[in-house]
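As structure tokens, the structure follows; a few thoughts come after it.
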Amino acid sequence: MGWHFSWSNPLVYFLILVQMHLYTGLFITAHDAIHGTVSSKPIVNKVVGQICTLFYAAFWYPKLYTKHHLHHSHVHTEHDPDYHNGNFFSWFFRFFRNYLSIWQVVFMAVLFNILKIWVPQQNLILFWVLPSLLSTLQLFYFGTYLPHKGEHDNRHQSRTQSKNHVVAFFTCYFFGYHYEHHDAPGTPWWLLWKMKGV
């Protein structure tokens with residue numbers, strides 16, 4: 001975070017993508033904790049989930065936990081907090097507004113201003129703020145919008161991406177295999193590719 005970089009250095013842009021991928025993984029870990037797949041002990045899942053959501057963007061884990069289970073129970077209905085019958089942008093802003101709180105924004109703003117004491121502002125923006133925002137888009141697009149948009153003729157009201165484990169990993173830690181996730185929500189992200197192989 002203290003790197004004095006040059007804008008002409010291609011490594012800068014590569015590191016932004018690496019940070020984005022790691023942020024996505026942080027949220028995926030919280031998601032696995034919600035499904036109880038981080039550990040066989042519920043308390044470990046809860047603690048890991050709370051830590052991951054705090055570090056991701058100060059999300060309140062109990063709220064995410066409740067809403068995500070509503071999504072699985074009422075997928076693609078009016079009771080599904082993740083579903084919206086609209087275009088990409090209206091759906092994304094509804095989704096974002098549904099999970100974001102004013103306290104979260106205040107916390108992140110205060111943290112940003114504290115970190116500026118030790119870390120150059122451009123580094124904070126490029127290697128913390130930008131990757132986290134891009135990660136939010138990545139999670140929404142590959143983990144919610146693509147799998148659930150439109151109508152579906154299956155019981156999980158979701159589609160799945162074509163089998164390509166490399167693409168599936170880098171786009172969203174195998175959550176493009178979304179029908180498989182809904183069919184076996186107790187499968188952790190690192191085993192979802194095996195479900196696609198069935």
Side-chain angles (χ1 to χ4, degrees), residues 16-17 19-36 45-46 48-116 121 124-152 156-161 171-179 181-182 185 189:
I16 291 169
L17 293 176
Q19 283 289 91
M20 177 185 77
H21 185 70
L22 293 174
Y23 263 102
T24 300
L26 192 61
F27 191 86
I28 293 296
T29 303
H31 171 270
D32 273 4
I34 287 170
H35 284 291
N45 285 299
K46 185 175 182 180
V48 169
Q50 287 176 329
I51 289 169
C52 288
T53 54
L54 176 67
F55 281 116
Y56 184 77
F59 281 108
W60 184 240
Y61 180 75
K63 179 180 179 181
L64 282 175
Y65 182 94
T66 301
K67 288 195 174 197
H68 190 68
H69 282 290
L70 278 174
H71 166 64
H72 276 266
S73 300
H74 304 287
V75 66
H76 211 270
T77 70
E78 63 184 29
H79 302 294
D80 180 353
D82 293 359
Y83 179 70
H84 175 64
N85 189 16
N87 65 37
F88 174 84
F89 296 103
S90 66
W91 192 340
F92 177 71
F93 286 114
R94 180 186 177 276
F95 182 84
F96 203 73
R97 193 179 67 237
N98 199 20
Y99 286 96
L100 196 65
S101 73
I102 188 66
W103 298 112
Q104 188 181 355
V105 174
V106 169
F107 178 85
M108 296 304 287
V110 168
L111 184 58
F112 179 85
N113 282 287
I114 290 171
L115 289 173
K116 278 195 325 186
Q121 183 170 317
L124 278 175
I125 292 169
L126 279 183
F127 303 120
W128 180 42
V129 176
L130 181 61
S132 66
L133 292 174
L134 290 173
S135 166
T136 303
L137 271 172
Q138 180 184 9
L139 284 159
F140 172 74
Y141 185 74
F142 291 106
T144 298
Y145 179 74
L146 277 185
H148 292 297
K149 74 173 184 166
E151 296 303 317
H152 311 277
H156 298 303
Q157 292 296 306
S158 58
R159 68 173 49 87
T160 191
Q161 76 177 62
T171 53
C172 202
Y173 290 80
F174 301 121
F175 274 92
Y177 298 157
H178 209 76
Y179 176 89
H181 168 59
H182 277 269
W189 74 262

Could you check whether any side-chain N or O of Gln121 sits under 3.5 Å from a backbone N or O of Lys116, counting only pairs where one atom can act as donor and the other as acceptor? no
Strictly under 6.0 Å, is that where the ring centroids of Tyr173 and His31 end up? no
Check this for me: Lys46, atom NZ, are more than 12 non-hydrogen atoms of other residues, nucleotides or ligands nearer than 6.0 Å? no
I would like to know whether Trp60 and Tyr99 meet side-chain contact (heavy atoms from CB on, under 4.5 Å); could you show each step before the answer? CA-CA 9 Å; Trp60 184 240; Tyr99 286 96; over 6 Å; no
Count the heavy atoms belonging to other residues, nucleotides or ligands that lie under 6.0 Å from CZ of Phe92, then report whether that count exceeds 12. yes
Any side-chain heavy-atom pair from Leu146 and Gln161 closer than 4.5 angstrom? no
Among Val48, Thr66, Ile34, which one satisfies side-chain contact (heavy atoms from CB on, under 4.5 Å) with Tyr61? Ile34
In terms of ring plane angle, is the pair His71 and His178 parallel, tilted or perpendicular, where the classes change at 30° and 60°? tilted
Between His79 and His76, is there a donor-acceptor pair closer than 3.5 Å when you use the side chain of the first and the backbone of the second? no
Are the side chains of Asp82 and His148 in touch, meaning some heavy atoms are under 4.5 Å apart? no
Show your working on side-chain hydrogen bond (donor to acceptor under 3.5 Å, both in side chains) between His35 and His68 and close with a plain yes or no. CA-CA 9 Å; His35 284 291; His68 190 68; 3.0 Å; yes
Using the six-membered ring wherever Trp is involved, compare the ring planes of Phe140 and Phe95 and label them parallel, tilted or perpendicular (cut-offs 30° and 60°). tilted
Which label fits Tyr83 and Trp91: parallel for a plane angle under 30°, tilted from 30 to 60°, or perpendicular past 60°? perpendicular
